[in-house]
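What follows is a short report on a single structure.
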There are 2 protein chains.
Amino acid sequence: MSPGKQASANTESVDNYLKAILTLGGREESRVTIKSLAERLRIAPASVTNMLQKLSGSTATLVDYERHGGVQLSPAGKRRALEVVRHHRLIETFLYEVLDYPLEEVHEEAERLEHFISERFEERIAAKLGHPKIDPHGHSIPSMEGEMTARESMLLADVIEDGIFVIDSVSDQDTHNLRLIEACGITPGARLRVRKNSSSDSYSVSIGRSSKAYDLSREVARDVRIIRLKG
Amino acid sequence: MSPGKQASANTESVDNYLKAILTLGGREESRVTIKSLAERLRIAPASVTNMLQKLSGSTATLVDYERHGGVQLSPAGKRRALEVVRHHRLIETFLYEVLDYPLEEVHEEAERLEHFISERFEERIAAKLGHPKIDPHGHSIPSMEGEMTARESMLLADVIEDGIFVIDSVSDQDTHNLRLIEACGITPGARLRVRKNSSSDSYSVSIGRSSKAYDLSREVARDVRIIRLKG
DNA sequence: CCTACCAATTAGGTATACCTAAATTAGAGA
DNA sequence: TCTCTAATTTAGGTATACCTAATTGGTAGG
Ligand SMILES: [Mn+2]
Ligand SMILES: [Mn+2]
Ligand SMILES: [Mn+2]
Ligand SMILES: [Mn+2]
């Protein structure tokens with residue numbers, strides 16, 4: 001077959017491990033502990049150890065695992081993880097743009113479908129959407145070649161000095177938080193004025209030059225990433 | 001929860017059994033043999049017996065199985081089977097209409113995705129497509145309530161007397177045959193002139209009033225359903 | 001009425017992907 | 001250096017959904 005890849009005989013389960021390792025490893029791609037993987041995947045640590053041993057042993061070694069030393073993606077594993085992330089984010093964009101899903105609903109559907117769409121499906125929705133670079137949460141969509149651009153952003157919850165920011169992205173992990181976030185008008189790309197409330201552990205935010213301010217708890221503020229515009 | 005159904009905890013495998021029983025049972029919903037199921041699903045007969053015993057035993061009895069007596073769908077099983085068929089055909093229509101898939105490619109993708117889309121996804125693509133009643137192969141799409149209209153049609157391969165017909169539907173089972181069929185211009189709804197070739201075991205067909213005639217082997221002719229217009 | 005024969009079933013596997021409970025280990029702090 | 005604890009691993013399950021081989025059953029023809 002041509003220089004491309006063959007459909008990757010990965011199971012849904014394996015894909016989920018790879019994606020979790022990618023995410024938890026962060027920008028530096030550091031080694032990930034069994035415990036953190038277990039928490040993220042909501043699977044018992046013993047099961048995670050088991051799976052990783054199988055993954056690093058057989059197949060095309062998707063993963064570099066060491067006894068008591070955590071895991072890291074191999075080049076092949078990283079390639080596959082980014083492919084799944086691309087699927088996920090393209091599907092989310094598609095659901096949002098074409099099928100008019102509410103933002104809080106796209107993640108759950110994408111989380112399932114990302115494992116089952118073909119390369120053709122991926123290619124067709126990408127084309128339909130005009131090859132988008134970011135998804136509706138503000139996350140970068142990896143390119144077909146597995147490149148993903150990273151922006152320099154911080155958590156709203158980590159703001160110390162009040163100021164004006166641009167909204168980078170919102171987390172898709174918690175439906176309830178996301179609804180609250182949307183209710184404030186927080187949308188990737190918009191401008192946000194942030195004031196840290198000294199009394200309670202919360203943030204007062206307003207969009208653009210609007211005077212309407214909303215209060216966000218620290219927990220919710222952890223689900224918003226922003227970039228400082230001016231101090 | 002409201003009067004509706006809960007997401008049906010069926011696995012992909014169970015759904016496939018139900019769909020196969022529905023199809024093989026035909027319009028009369030007759031009992032289906034283990035052997036025919038095994039062939040259709042490409043699973044060993046022993047495995048089919050096993051699965052059916054589990055299905056008829058536990059859960060909400062999706063199936064009426066009797067030792068040495070074949071199977072039949074229960075009302076609940078029929079409901080679920082039609083739901084999956086609705087998914088399948090809506091997805092096919094969507095891939096064809098919205099994502100510009102070639103006709104021969106829609107089936108394989110739908111065959112996978114039908115098990116994983118949510119009710120919301122089903123509803124959204126149905127709305128997007130204007131609640132279509134037939135899929136691109138000419139097959140009826142069951143309604144949300146599980147009603148499916150049946151047309152009175154025959155196989156092209158069963159034609160004895162030459163004549164003019166309307167094309168009812170084409171089978172989605174064989175990609176290769178489907179490509180041949182499409183190449184003749186055979187499309188559901190079009191008019192077809194059929195002449196049985198006495199010499200070889202084949203059919204000479206032409207579309208509408210076109211004089212261009214194509215030869216279809218009996219094997220391919222089995223994948224085309226037609227309705228007689230005039231003798 | 002009795003056999004074959006074929007369909008169906010039973011018996012006894014395998015692989016995947018989980019689980020809980022019981023070791024074991026690495027590393028931090030005394 | 002020793003000890004303790006939390007992380008990790010090992011051991012020994014479960015459920016699903018397949019498989020092959022061996023057995024049983026129904027029935028059509030002789
Ligand atoms: Mn998501
Ligand atoms: Mn996203
Ligand atoms: Mn189909
Ligand atoms: Mn179809």
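Within every chain, numbering begins at 1; the chains are lettered A, B, ... in the order of the sequence lines, protein sequences first and strands thereafter.
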Sequence-distant partners of A/E97, salt bridge (Lys or Arg N to Asp or Glu O under 4.0 Å), two or more places apart
none

Output a table of donor-acceptor pairs, distance under 3.5 Å, between side-chain atoms of residues 68-76 of chain A and any protein atom two or more places apart or on a different chain; print 'none' if there are none.
unit_1	atom_1	unit_2	atom_2	d
A/Q72	OE1	A/R31	NH1	3.1
A/Q72	NE2	A/E29	O	3.1
A/S74	OG	A/T61	O	2.8
A/S74	OG	A/L62	O	3.1
A/S74	OG	A/A76	N	3.3
A/S74	OG	A/G77	N	3.1

State whether A/K35 and A/E39 are salt-bridged, where the test is any N-O pair (Lys NZ or Arg NE/NH1/NH2 against Asp/Glu carboxylate O) under 4.0 Å.
yes

For A/D201, give me all partners under side-chain hydrogen bond (donor to acceptor under 3.5 Å, both in side chains), at least two apart in sequence or on another chain.
A/R218

When the ring centroid of B/H87 is compared with that of B/H115, is the distance short of 6.0 Å?
no

Give me the first and last nucleotide of DNA chain D, going 5' to 3', that has any atom under 4.0 Å from a heavy atom of chain A.
D/dA7 to D/dT10

Give the residues of residues 40-47 of chain B touching DNA chain D, defined as any heavy atom closer than 4.0 Å, sorted by residue number.
B/R42, B/I43, B/A44, B/A46, B/S47

Who pairs with A/R222 by salt bridge (Lys or Arg N to Asp or Glu O under 4.0 Å), at least two apart in sequence or on another chain?
none

note: B/K35, atom NZ; C/dT9, atom P; distance rounded to Å ~ 14 Å

Of A/E12 and B/N50, the one whose closest DNA chain C nucleotide lies more 5':
B/N50

Just to confirm, is there a sub-4.0 Å distance from OP1 or OP2 of C/dA8 to any side-chain nitrogen or oxygen of B/Q53?
no

Would you mind classifying the nucleic acid contact of A/T49 as base, sugar-phosphate or nothing, using non-hydrogen atoms under 4.0 angstrom?
base

N or O in side chain of A/R67 less than 4.0 angstrom from C/dT24 OP1/OP2
no

Given atom CG of B/L55 and atom P of C/dT9, what is their separation to the nearest angstrom?
13 Å

Do A/H88 and A/H107 have side-chain N/O donor and acceptor atoms under 3.5 Å apart?
yes

Hey, is the main chain of A/I91 close enough, under 3.5 Å, to the side chain of A/E114 for a donor-acceptor pair?
no

